[in-house]
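Below: one structure, written as structure tokens.
Chain naming here is simple, since letters A, B, ... match the order of the sequence lines and numbering starts at 1 in each. Because the structure is a prediction, the values reported are computed rather than measured.
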There are 2 protein chains.
Amino acid sequence: MATITLADVAAHAQVSTATVSLVLRNQGRISDVTRKRVLAALEELGYVYNQTAANLRNRSSNQVGLLLHDITNPFYAEMTAGLSDEMESHQMMLFLANTAESAQRQQRFVDSLLQNNASGMVMCAARQTPALFYESLKRRQIPVIMAVRSPADSGFDYVGTDNFLGIQLATQHLLNQGHRNIAFIGGQEGSSTRAQRLGGYSSKLLENQIPVRSEWIISCEATQSSGAQACTALLAAFPQITAAVCYQDIVALGVMLALRQKDKVIGRDFALVGFDDISEASLVQPALTTVSVAAREIGRKAGQLLFSRIQGNDEPPKRIILPPSLVIRESCGSAKF
Amino acid sequence: MATITLADVAAHAQVSTATVSLVLRNQGRISDVTRKRVLAALEELGYVYNQTAANLRNRSSNQVGLLLHDITNPFYAEMTAGLSDEMESHQMMLFLANTAESAQRQQRFVDSLLQNNASGMVMCAARQTPALFYESLKRRQIPVIMAVRSPADSGFDYVGTDNFLGIQLATQHLLNQGHRNIAFIGGQEGSSTRAQRLGGYSSKLLENQIPVRSEWIISCEATQSSGAQACTALLAAFPQITAAVCYQDIVALGVMLALRQKDKVIGRDFALVGFDDISEASLVQPALTTVSVAAREIGRKAGQLLFSRIQGNDEPPKRIILPPSLVIRESCGSAKF
DNA sequence: TTGTAGGCGTTATCAA
DNA sequence: TTGATAACGCCTACAA
């Protein structure tokens, strides 16, 4: 069956294509009689609007992209849900891309977005994103909101959380419990997010006249097994450590695994704080005390900002920093040491 | 800056637009000299291909949609990752929609896909999807792969798991451990998936001369709290129950919560099997024995099938059923009762 | 209030 | 091997 076009509808309703177009978009003053006739024709012919043609004509689209490393990471899944809700409320379509930390895949996806005339994007940049990428992205006229990972380049809007403050909260909590030998586990060297968190950690130690020991600061992948491994190695070398601030909940979960293998009782023999408040955090035994960053809210805020940019908001780049909060559960015990 | 079009490139390279178009798509016989000249011009002008125009002209697109209820459900996140990988390997863009079980949102998204000329979709239909929806969807010429939830309508391709067999495995495992008083917790009445799982459960009981007690079959929402509530109510009425087959891992996690409140030791006082093998299953204490359905693989297979349909494969509707497997962990203990 | 007609950027047909 | 040109379906001046 041939596709029904605006012209077909117009012919059927005995009006012009312009009239039909106006009715479709509720624009212009169209008399009630005409409108009804058009609506009826639309219905009768089973007309389907061709967004592609409209996009071409308008040099725009109602499509935006979301780039992230791993949708199976609960943190990002939450964020995606927030963004998706927000976009849907504006009748925009959301393209999803899993870059898996590959700068190449990321570049490919952005190219596709550009080719598809996407009207904007939210991105959690891959770790090895070259500076050139940001440069050339800025030259395009497309709104881009960076999320979660703050780019070195300050020319972009950014929505994220206060990493420094978040880890300060976590560290202070451990200090309050009486711990003095506190390690920092996780994150990738060179990451700016990690630098911020590390700053929160060390600032709190120093504030309490506790020396920062670089051997107790250890990096690892964002997986449970890496976390477990890191913890095992650390405790073998420094058994005096009684607590750890973990870079992420996932790492913390790994650390718990390792501790359990050493028959350490978490919350009594060893205290632990995570970061992200992923849903697993409340499920493990003992439940993980962690820093919550409201992933869904980050997605929502990023969506709102993106939409306003698409609408033409051209204020200078913004940084929206959502306040983190400490969710106290069981992994730090409650007794003073 | 005005957009650079094919015509601009053609002018710059002193060839026709047809030639440039052919070079771009590696089609037709173009002499090496010309090709190089075109390529150079492309580069020089910083040309960006306009997919929208091509789509309009071709009456097609490289976009597909994915509809699901909740991306934050780890099962669907995994599936999404599988599908996303598959689509990316074919250079297709993936639209994501969170329908949140709303038939209305689902309809809106499908309409958008149609309007955008999407070339296909994978959908996990919302629970209350009206039969009319399927009817009208079939009339469109767009490939649709149903996933996870099998539609009553058999006119669609389907990729999912064998619910019947999966729950049979789970039930048999409990029987092997010596349990006789086994409950079934979870799922929504009227769901066909649930009917299949219930079938697996009751068939195994009957096979072992154990009567099926309908009071021990209880439905609940797919949340932890509902699971917990259901378990509490059930045990209050029937303390003789010693084991449960849960409709989903999420429900099983809720049941664990409830058991713990009753000071029952899971794996010793009460045995539990879940379904889905979400990542939380291996994290809880004790780790949850569950039926694994390879969510990622479902996504991948759905993607492959969808792609083949888009390529023109017009065999009759297929049902791809992935075999489930029992992942034995700790929640059923190991001692015979 | 409604109609006419040209153009958005690409592809495909046909001719050269 | 390459070029000219007419669609694809919609939107928007400009006219009526």
Nucleotide-resolved protein contact map, nucleotides 10-16 of chain C, B/S/- at heavy-atom distance under 4.0 Å: BBB----

R59(A) side-chain proximity, nearest of dC8(C), dT2(D), dG9(D):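 The answer is dC8(C), which lies nearest to the side chain.
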
Between Q115(B) and D111(B): side-chain donor-acceptor atoms closer than 3.5 Å: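 There is no such pair between these side chains.
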
Any donor-acceptor N or O pair under 3.5 Å, side chains S60(A), N58(A):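 N58(A) and S60(A) do not have a side-chain donor-acceptor pair below 3.5 Å.
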
For the pair made of [atom1] in [X] and [atom2] in [N], what is the distance, rounded to whole Å?
| X | N | atom1 | atom2 | value |
| --- | --- | --- | --- | --- |
| D8(A) | dC8(D) | CG | C1' | 13 Å |
| L56(B) | dA7(D) | CG | C1' | 9 Å |
| N55(A) | dC11(D) | CG | P | 9 Å |
| Q14(A) | dT2(C) | CD | P | 14 Å |
| Q115(A) | dG9(C) | CD | P | 15 Å |

Inspect the contact between [Y] and [X] and indicate whether a charged nitrogen and a carboxylate oxygen are less than 4.0 angstrom apart.
| X | Y | answer |
| --- | --- | --- |
| E101(B) | R149(B) | yes |
| D32(B) | R37(B) | no |
| K301(B) | D157(B) | no |

Parallel, tilted or perpendicular: ring planes of F109(A) versus F95(A), cut at 30 and 60 degrees: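 Because their plane-to-plane angle is over 60°, the rings of F109(A) and F95(A) count as perpendicular.
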
N/O (side chain, T52(B)) to phosphate O (OP1/OP2, dC8(C)) under 4.0 Å: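 Checking T52(B) against dC8(C): no side-chain N or O falls below 4.0 Å of OP1 or OP2.
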
T19(B) vs dG3(D): side-chain N/O to OP1/OP2 distance below 4.0 Å: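 Affirmative; the distance criterion is met.
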
Audit row: S308(B), N313(B), side-chain hydrogen bond (donor to acceptor under 3.5 Å, both in side chains) steps and yes/no: CA-CA 6 Å; S308(B) 84; N313(B) 168 352; 3.1 Å; yes

Angle of first-five versus last-five pair axes in the helix from dT1(C)-dA16(D) to dA16(C)-dT1(D), to 10 degrees: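 The end-segment axes of the helix from dT1(C)-dA16(D) to dA16(C)-dT1(D) are tilted 30° relative to each other.
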
Heavy-atom check, side chain of K138(A) versus side chain of D153(A), under 4.5 Å: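 With C-beta onward as the side chain, the pair touches.
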
Sugar-phosphate only, base, or nothing, as touched by I30(A) at under 4.0 Å among non-hydrogen atoms: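 Since only primed, P, OP1 and OP2 atoms lie under 4.0 Å of I30(A), the category is sugar-phosphate.
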
Nearest-0.5 Å distance, CE of residue M79(A) to CD1 of residue I71(B):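 M79(A) CE to I71(B) CD1: 11.5 Å, rounded to 0.5 Å.
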
